[in-house]
Amino acid sequence: MAERNKIFIVEDEVVVANDIKQILNLKGFNVVGFATKYDQAKTKISELIPDIVLCDIHLRDRKTGIDLMKELSEMFSFKIIFISAYSDIETVKNQI
């Protein structure tokens with residue numbers, strides 16, 4: 001049996017992170033954990049070294065999810081999927 005990719009979720013809303021985790025698990029994906037804060041995510045991702053990170057763009061920290069992924073992608077090789085509740089063009093244009 002092939003090993004499934006390890007997925008890690010970075011989402012500042014615990015309820016949303018749990019929902020995403022539950023949906024992915026029900027679909028057969030291997031969610032190895034989640035974090036709600038920048039520093040917590042940095043530590044856990046460094047320990048778990050996932051294959052895929054689902055990362056919220058807006059975190060309730062001084063830095064964004066994009067800042068986090070830029071920093072970690074210099075040290076690790078994993079796929080990044082950005083997620084956000086904000087879909088207005090200014091948010092997307094200013095963050096990416």
Side-chain angles (χ1 to χ4, degrees):
M1 181 180 206
E3 185 176 324
R4 297 179 296 159
N5 286 330
K6 297 185 296 184
I7 300 173
F8 190 86
I9 301 164
V10 181
E11 167 58 60
D12 61 356
E13 296 283 342
V14 175
V15 173
V16 174
N18 276 319
D19 284 348
I20 294 169
K21 180 180 177 184
Q22 185 177 21
I23 290 166
L24 290 173
N25 283 332
L26 286 172
K27 294 294 183 180
F29 292 97
N30 181 23
V31 179
V32 294
F34 72 87
T36 59
K37 298 188 180 300
Y38 186 97
D39 290 333
Q40 177 190 40
K42 185 175 171 184
T43 299
K44 286 186 174 184
I45 290 170
S46 297
E47 291 170 356
L48 296 170
I49 309 173
D51 302 300
I52 301 168
V53 177
L54 242 57
C55 187
D56 190 1
I57 291 174
H58 294 282
L59 301 175
R60 293 183 191 166
D61 284 309
R62 65 194 187 292
K63 293 185 178 180
T64 68
I66 293 174
D67 296 326
L68 175 64
M69 292 300 100
K70 282 181 182 174
E71 183 177 345
L72 290 177
S73 67
E74 293 175 4
M75 297 181 280
F76 304 104
S77 176
F78 50 77
K79 292 175 177 71
I80 303 164
I81 300 171
F82 286 109
I83 57 177
S84 179
Y86 301 96
S87 61
D88 62 280
I89 195 68
E90 282 304 309
T91 297
V92 174
K93 194 165 56 172
N94 290 329
Q95 293 297 325
I96 298 179

ask   = Can you name the salt bridge (charged side-chain N to carboxylate O under 4.0 Å, His left out) partners of K21, sequence neighbours left out?
value = none
message = With a 3.5 Å distance limit and no angle check, can you tell me whether K42 reaches the backbone of L68 through a side-chain donor-acceptor pair?
response = no
query = Does D56 reach the main-chain N or O of V10 with its side chain, forming a donor-acceptor pair under 3.5 Å?
reply = no
request  = Take L54 and L24 through the side chain to side chain contact (heavy atoms under 4.5 Å, CB included) test and state the conclusion after the steps.
outcome  = CA-CA 11 Å; L54 242 57; L24 290 173; 4.1 Å; yes
message = Would you say V53 ends up clustered with L48 if hydrophobic residues are merged whenever their side chains have heavy atoms under 4.5 Å apart, either directly or through other cluster members?
response = yes
key: K44 versus A35, closest heavy-atom pair with distance   = CD-CB, 4.5 Å
inquiry  = Are M75 and I45 packed together at the side-chain level, in the sense that at least one heavy-atom pair is separated by less than 4.5 angstrom?
reply    = no
ask   = For S84 and H58, which heavy atoms make the closest approach, and how far apart are they?
value = OG-CD2, 3.8 Å
message = Tell me whether V31 shares a hydrophobic cluster with I23, the cluster being built from Ile, Leu, Val, Met, Phe, Trp, Tyr side chains joined at under 4.5 Å.
response = no
ask   = Within a strict 4.5 Å, meaning less than it, do heavy atoms of the D67 and T64 side chains meet?
value = yes
request  = Following the transitive rule for hydrophobic clusters with a side-chain heavy-atom cut-off under 4.5 Å over Ile, Leu, Val, Met, Phe, Trp and Tyr, establish whether I52 and I80 coincide in one cluster.
outcome  = no
Qualifying side-chain hydrogen bond (donor to acceptor under 3.5 Å, both in side chains) pairs with a residue from residues 29-39, counting only residues at least two apart or across chains = T36-Q40, Y38-E71
ask   = Any donor and acceptor pair, going by atom type alone, linking the side chain of N18 with main-chain N or O of V15 inside 3.5 Å?
value = no
note = Closest heavy-atom pair, K70 versus E74, reported as atoms and distance to 0.1 Å, is O-CG, 3.4 Å
key: P50 and F76, any side-chain heavy atoms less than 4.5 Å apart   = no
Single-linkage hydrophobic cluster, 4.5 Å side-chain cutoff, I66 and L72 together = yes
query = Is there a path from V16 to V32 through hydrophobic residues (I, L, V, M, F, W, Y) whose side chains come within less than 4.5 Å of each other?
reply = no
CG on L59 to CG on D12, rounded to 0.5 Å = 5.5 Å
ask   = Mind checking whether I20 and F34 have side chains closer than 4.5 Å, heavy atoms only?
value = no
request  = Drop me the distance from I83's CD1 to C55's SG, to the nearest 0.5 angstrom.
outcome  = 7.5 Å
